[in-house]
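A short write-up of the structure that comes next.
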Amino acid sequence: MTDFTMAVDADGVATITWDTVGKSMNVMSRDSMQLLNKLVDEALADDAVKGIIITSGKDTFAGGMDLNVLASIRDESGENPAQGLFDFTMAGHYMLRKIERAGMDPKTNKGGKPIAAALPGTALGIGLEVPLACHRIFAADNPKAKIGLPEIMVGIFPGAGGTTRLVRKLGAMAASPLLLEGKLNDPMKAKAAGVIDEVVPADELLAKAKEWVLSEPKIVKPWDEKGYKMPGGAPYHPAGFMTFVGASAMVNGKTQGVYPAAKALLSAVYEGALVPFDQALKIEARWFTNVLMNPSSSAMIRSIFINKEALEKGANRPEAPDQKVSKVGVIGAGMMGAGIALVSALAGIQVVLIDSSQEAADKGKSYTTAYMDKGIARKKATEEKKEAVLGLINATADYDALKGCDLIVEAVFEDVGVKADVTAKVQAVTGPDCIFATNTSTLPITELAKASNDPEKFIGIHFFSPVDKMLLVEIIKGNETGPVAVAKALDYVRQIKKTPIVVNDERFFYANRCIIPYINEGIRMVKEGVEPALIENAAKLVGMPLGPLQLTDETSIDLGVKIAKATKAAMGDAYPNEAVDEVLFWMFDQERLGRKSNSGFYAYDEKGKRQGLWEGLAAPYPAADEQPDLTTVQHRLLFAQVLEAVRALEEGVLEDIREGDVGAILGWGFAPWSGGPFSWLDIIGAPYAVERCDQLTEAFGERFKTPDLLREMAEKGQTFYGRFGQEAKAA
């Protein structure tokens with residue numbers, strides 16, 4: 001339940017306070033919109049009220065709209081969900097326009113009551129759109145506060161007037177970083193950008209807002225006055241024309257045309273700039289509805305917001321007491337171990353960072369020093385914060401320092417024997433309740449657990465590199481892993497502010513199981529004579545952040561060779577990637593190891609900057625005279641991944657399709673516009689997916705064979721979220 005309350009003081013200032021019950025941050029729901037609307041009506045109608053302040057009862061202002069509300073409105077609107085969404089959006093516009101006009105005479109702009117927004121902290125999404133409708137925005141001087149409109153990051157755009165108001169306030173050019181990139185600013189930077197009006201000491205916030213309200217200020221917005229001209233020029237102005245041409249090019253360049261929200265936002269801005277303000281709001285509402293009805297946006301909201309949040313809150317956590325980590329031992333101070341130590345210390349956890357020598361351990365700790373120094377240079381951290389974080393890390397070669405640890409994260413060389421030796425050394429020191437986690441991307445957890453004296457407390461944790469930047473952590477259950485170990489891993493991942501997925505033990509687990517076929521398919525096409533530029537651009541045009549050849553360079557070609565050899569040794573005659581190995585091994589023999597050697601599928605300059613695809617690849621693997629069409633290349637790259645995701649679900653490696661979708665987007669950047677592999681299959685439909693798989697199988701081989709589960713779903717007319725989603729499980 002969301003609460004707005006109102007109190008009128010002796011000076012005639014009505015303070016409307018937003019305080020969502022049971023939430024750490026205020027969120028807007030249908031009920032809260034109606035209540036705010038009612039209180040504004042009462043304040044405007046009350047002759048004793050001279051002005052209004054809208055503020056928060058928390059140390060933040062608001063985190064935005066509850067996106068579940070938008071999904072429920074669409075689902076509850078029967079045969080015309082678009083009309084339901086449009087009507088809801090317009091109701092929000094009417095409410096905010098009421099705040100903006102504040103009782104002024106529509107013809108003379110006289111009268112009206114000043115309304116100020118007083119932001120004690122973070123204001124995001126509709127938490128900024130409400131203040132933008134007010135006449136003046138005051139923010140507390142809180143450097144940790146974030147102010148902005150991040151909607152574009154979850155597949156929509158600001159649809160409660162934020163798009164229209166911000167462009168009219170700042171101009172299209174100045175507003176574009178906030179709207180198209182979701183840029184967030186602290187209060188001082190938000191004021192410098194023109195988003196808010198005043199930054200004041202926190203203890204003076206309400207007093208300053210009240211002082212302004214009682215000063216009889218001018219409250220007419222510029223766009224409601226005659227002769228208003230948009231800053232930077234409207235679309236038909238020479239300067240404005242160039243802005244919109246550039247913005248269109250920028251949006252298409254960054255999104256490759258696969259993110260509908262960015263294009264819709266730009267259309268709303270362009271079309272809205274050509275008409276009066278109230279008509280512009282209707283245009284914004286139409287485009288907002290258009291985006292909400294697009295299956296891509298629905299899938300992005302579900303995966304990147306709703307499902308991600310559910311996983312972070314422990315949606316699949318087993319029943320177990322609180323397993324908060326107080327002291328973690330990190331074994332191995334290389335790049336991975338150093339990153340794990342850093343994120344743990346940043347979360348306030350005591351860290352023992354161990355390596356074979358004091359020198360190696362100190363080098364691992366220096367990673368944190370360098371990270372904090374960069375933060376200080378960017379004014380994101382202080383010397384005091386640096387010292388506090390470094391003070392939590394004990395870098396040593398002495399295993400006895402691990403006494404008292406309740407979690408061990410081992411991050412040594414990917415070798416069963418080496419890991420077994422470390423496991424024995426650690427467990428000779430730690431207590432019986434300590435959970436042992438091995439960081440591995442390929443080695444079976446059940447096999448590694450044989451070195452443990454308590455396999456029930458042994459678990460896999462797969463961090464992605466670089467640890468401080470990558471959001472996903474893959475938790476792998478061995479055959480004997482117990483619920484307390486799973487709970488410990490989940491609680492730890494939550495502490496370090498990452499998103500966890502939990503999978504069962506199988507070769508390559510989930511993420512690598514899906515990404516390796518993507519890389520292999522790209523390399524296989526090189527062998528077939530497909531133009532490398534076509535392969536790379538096809539991937540980017542379908543929303544992959546990196547083409548398979550660039551991704552190979554980034555992860556290193558020698559690592560690919562090592563994985564190929566290990567996989568072939570394990571699979572024997574069933575090994576399917578001889579054609580891939582030919583290209584990969586040839587590159588290795590040429591000592592082109594990827595970015596780390598400044599030579600790979602791409603050419604690099606002396607500073608390591610990519611210079612384009614390496615022309616020498618054409619000598620052993622020349623381009624064929626006849627090239628495949630773009631869609632065929634894209635489908636080969638996409639289906640190579642999604643079919644492995646389906647097989648992982650079919651075989652029980654994945655237990656929750658939410659983890660499959662969120663893990664794909666955060667783990668290896670699977671086309672975020674699609675919402676993930678299962679969402680993408682739901683968008684294209686199981687019948688078409690089966691038809692396409694059959695065609696690809698006939699043309700390119702058994703690796704595209706339709707999984708039995710997918711074929712069954714096609715025959716039954718099912719979707720993945722219809723069959724495996726939470727609503728289906730609850731039924």
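- Taking 4.5 Å as the limit, every side-chain heavy atom of Met95 sits out of range of all side-chain heavy atoms of Lys98.
- The closest donor-acceptor contact from the side chain of Thr164 to the backbone of Gly161 lies at 3.5 Å or more, if one exists at all.
- When all heavy atoms are compared, the tightest approach of Lys385 to Leu346 is NZ-O, 4.3 Å.
- For Thr89 (side chain) and Thr289 (main-chain N/O), no donor-acceptor pair under 3.5 Å exists by modelled atom type.
- Applying the salt bridge (Lys or Arg N to Asp or Glu O under 4.0 Å) test to residues at least two apart or on different chains, none of the pairs has a partner in residues 118-131.
- The nearest pair of heavy atoms linking Ser679 to Asp661 is OG-OD2, 2.8 Å.
- Salt-bridge annotation for Asp224 and Arg97: present, with a side-chain N of the basic residue lying under 4.0 Å from a carboxylate O of the acidic one.
- A donor-acceptor pair shorter than 3.5 Å cannot be found between the side chains of Tyr94 and Asn37.
- Using a 3.5 Å distance cut-off with no hydrogens or angles, the side chains of Lys146 and Asn185 do not pair a donor with an acceptor.
- Taking the six-membered ring where the residue is Trp, Phe61 and Trp18 present perpendicular rings, their angle passing 60° and hence far from 30°.
- Contacts of Lys169 classified as salt bridge (charged side-chain N to carboxylate O under 4.0 Å, His left out), with partners at least two apart in sequence or in another chain: Asp197.
- Residue Pro143 comes nearest to Asp186 through the heavy atom pair O-CB, 3.6 Å, listed as atom of the first residue, atom of the second, then distance.
- Proximity of Val195 to Leu170: side-chain heavy atoms (C-beta onward) are separated by under 4.5 Å at one or more points.
- Screening Ile196, Ile54, Leu119, Ile99 against Pro131 for a side-chain contact (heavy atoms from CB on, under 4.5 Å) leaves a single residue, Leu119.
- A salt bridge (charged side-chain N to carboxylate O under 4.0 Å, His left out) with Glu100 is found for one member of Lys221, Arg136, Arg168 and no other, namely Lys221.
- Using a 4.0 Å cut-off between charged side-chain N and carboxylate O, Arg165 and Glu284 make no salt bridge.
- A side-chain donor-acceptor contact under 3.5 Å links Trp287 and Glu271.
- The side-chain heavy atoms of Val69 and Phe88, taken from C-beta on, include a pair separated by under 4.5 Å.
- Taking each heavy atom of Ser32 and Val27 in turn, the nearest pair found is OG-O, 4.2 Å.
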Original post:
Under the salt bridge (charged side-chain N to carboxylate O under 4.0 Å, His left out) criterion, do Lys540 and Glu536 qualify, and how do the steps go?
Top reply: CA-CA 7 Å; Lys540 292 176 182 177; Glu536 296 291 271; 5.6 Å; no

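- Side-chain atoms of Leu472 and Lys498, non-hydrogen and from C-beta on, never get closer than 4.5 Å to each other.
- Salt bridge absent: Asp66 and Arg30 never bring a charged side-chain N and a carboxylate O closer than 4.0 Å.
- Taking a 6.0 Å sphere around CE of Met188, one finds it holds 12 or fewer heavy atoms contributed by other residues, nucleotides or ligands.
- Within 6.0 Å of the NZ atom in Lys208, the count of heavy atoms belonging to other residues, nucleotides or ligands does not exceed 12.
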**OP:** Show your working on salt bridge (charged side-chain N to carboxylate O under 4.0 Å, His left out) between Arg610 and Asp605 and close with a plain yes or no.
**Re:** CA-CA 7 Å; Arg610 281 192 314 280; Asp605 64 17; over 6 Å; no

Side chains of residues 150-159: which donor-acceptor partners sit under 3.5 Å, not counting sequence neighbours?
none

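- Shown here is Lys191, whose NZ atom has no more than 12 heavy atoms of other residues, nucleotides or ligands within 6.0 Å.
- Scanning all heavy atoms of the two residues, the minimum distance from Leu666 to Met470 falls at O-CE, 3.7 Å.
- Considering every non-hydrogen atom in both Gly676 and Ile665, the closest pair reads N-CD1, 3.8 Å.
- The existence of a salt bridge linking Asp19 and Lys58 is confirmed by a sub-4.0 Å separation between a basic side-chain nitrogen and an acidic carboxylate oxygen.
- No donor-acceptor distance shorter than 3.5 angstrom exists from the side chain of Asp105 to the backbone of Asn109, with no hydrogens or angles considered.
- With hydrogens and angles ignored, the 3.5 Å screen pairs no side-chain donor or acceptor of Ser298 with any backbone N or O of Pro295.
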